[in-house]
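Some notes on the structure that comes next.
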There are 2 protein chains.
Amino acid sequence: MSDLLERLRGRGWRLTAQRRVVAEVLDGDHVHLTADEVHARAVTKLPEISRATVYNTLGELVSLGEVLEVSTDRRAKRYDPNAHRPHHHLVCAQCGAIRDVHPAGDPLSDLPDSERFGFTVSGVEVTYRGVCPHCAAA
Amino acid sequence: MSDLLERLRGRGWRLTAQRRVVAEVLDGDHVHLTADEVHARAVTKLPEISRATVYNTLGELVSLGEVLEVSTDRRAKRYDPNAHRPHHHLVCAQCGAIRDVHPAGDPLSDLPDSERFGFTVSGVEVTYRGVCPHCAAA
DNA sequence: TGCTTGACTTAGACAATGTCTATCGTAGGA
DNA sequence: TCCTACGATAGACATTGTCTAAGTCAAGCA
């Protein structure tokens, strides 16, 4: 994580306590947190941190490419610190659990020119839907 | 569209003026409308239709499998009347335009068991991102 | 070390989207 | 035609995210 802080510093970031805390939260073992969850965890470390700051900081991390935004449902964006390895997501339709997955093949190459309608296609997101073992057992 | 109305009737739907109007709007040539856009168009045909009714009706159409929910951004769900032919979506990152696309290959078969983590995988959504010709020219 | 400055943070209002509830209306069967 | 359960309605409410104006502070510089 100090890697991340150093990288950010190198990009001209002012290193404030709030930003440090947000980075720490994302570095924990819980992945795919919502902005609100990030805020909740950040508050336990720095009670006076505001919601706007968390949103701002997450937005900055995303635009710097350090964190990915994931939109697997309409409820809330989730933030995926695993930005440096391309991957897709597998989502439980019942409990919302998310796993990173690495399918074979490249969906981009599956889209022929005739299906691109003149678009400059730059990326693709794949979301698998299913039921996780825990929900299936219940 | 009368097809659709007949199908719905066959499923025990009560055929009200409001539901008829929502179905008509979806049957128009504009695809991928948001709930709000559907409401706006419905109001021109039936001024007293309420927002809740549009939401309810769309939700019912979705659960009946007559319409697909599409979530290409965090702004709003969109409703895709093209539910009977499997397809994916190509979205302009600038203006939000959406096209239906039919890529080759089947992403489901690209996900090996070792990457399923015990999930029962039932579906997959693929969203291509890019810039449409119109925005590229601007 | 002690200023200065502009970037950062804050609280809270606001906006957009969607959901819920209590009440009223009506489609369709008897 | 009348009844009744299902559907529609208005509007409050919830959630998520954005914006603004004012205060605060990290980092560079003397």
Between the protein and nucleotides 23-26 of chain C, list every N/O to N/O distance that falls short of 3.5 Å.
unit_1	atom_1	unit_2	atom_2	d
C:dT26	O2	B:R14	NH2	3.1

Distance in angstrom units between B:L58 CG and D:dG7 P, rounded: 15 Å

Identify, with sequence neighbours excluded, every residue that meets side chain to side chain donor-acceptor pair (under 3.5 Å) alongside A:E60. A:R19

Between the protein and nucleotides 14-17 of chain D, list the N/O to N/O atom pairs that are separated by less than 3.5 angstrom.
unit_1	atom_1	unit_2	atom_2	d
D:dT16	OP1	A:R75	NH2	3.3
D:dG17	OP1	A:K77	N	2.7
D:dG17	OP2	A:Y55	OH	3.0
D:dG17	N7	A:R51	NH1	3.1
D:dG17	O6	A:R51	NH2	3.1

What side-chain donor-acceptor pairs closer than 3.5 Å can you find for residues 65-72 of chain A, not counting sequence neighbours?
unit_1	atom_1	unit_2	atom_2	d
A:E66	OE1	A:R7	NE	3.3
A:E66	OE1	A:R7	NH2	2.8
A:E66	OE1	A:H84	NE2	3.3
A:E66	OE2	A:R7	NE	2.9
A:E66	OE2	A:R11	NH2	3.0
A:S71	OG	B:R74	NH1	2.6
A:S71	OG	B:R74	NH2	3.2

Qualifying residues under side chain to side chain donor-acceptor pair (under 3.5 Å), relative to A:N82, sequence neighbours excluded: A:D100

For C:dT9, does either OP1 or OP2 sit under 4.0 Å from a side-chain N or O belonging to A:R19? yes

Tell me whether the side-chain N/O atoms of B:T16 come closer than 4.0 Å to OP1 or OP2 in D:dA8. yes

Taking only residues two or more places apart in sequence or in another chain, which ones pass side chain to side chain contact (heavy atoms under 4.5 Å, CB included) with A:R75? A:D73

Going by the rule side chain to side chain contact (heavy atoms under 4.5 Å, CB included), which residues pair with B:P86 if we only count those two or more places apart in sequence or in a different chain? none

What residues in residues 42-49 of chain A put a non-hydrogen atom under 4.0 Å from any atom of DNA chain C? A:E48, A:I49

B:H88 meets the ring-ring contact (aromatic ring centres under 6.0 Å, His included) criterion, sequence neighbours left out, with none

With A:R99 via side chain to side chain donor-acceptor pair (under 3.5 Å) - residues at least two apart: none

If the condition is salt bridge (Lys or Arg N to Asp or Glu O under 4.0 Å), which residues does B:R20 pass it with, not counting sequence neighbours? none

Residue list, side chain to side chain donor-acceptor pair (under 3.5 Å) with B:T53, at least two apart or on another chain: B:S50

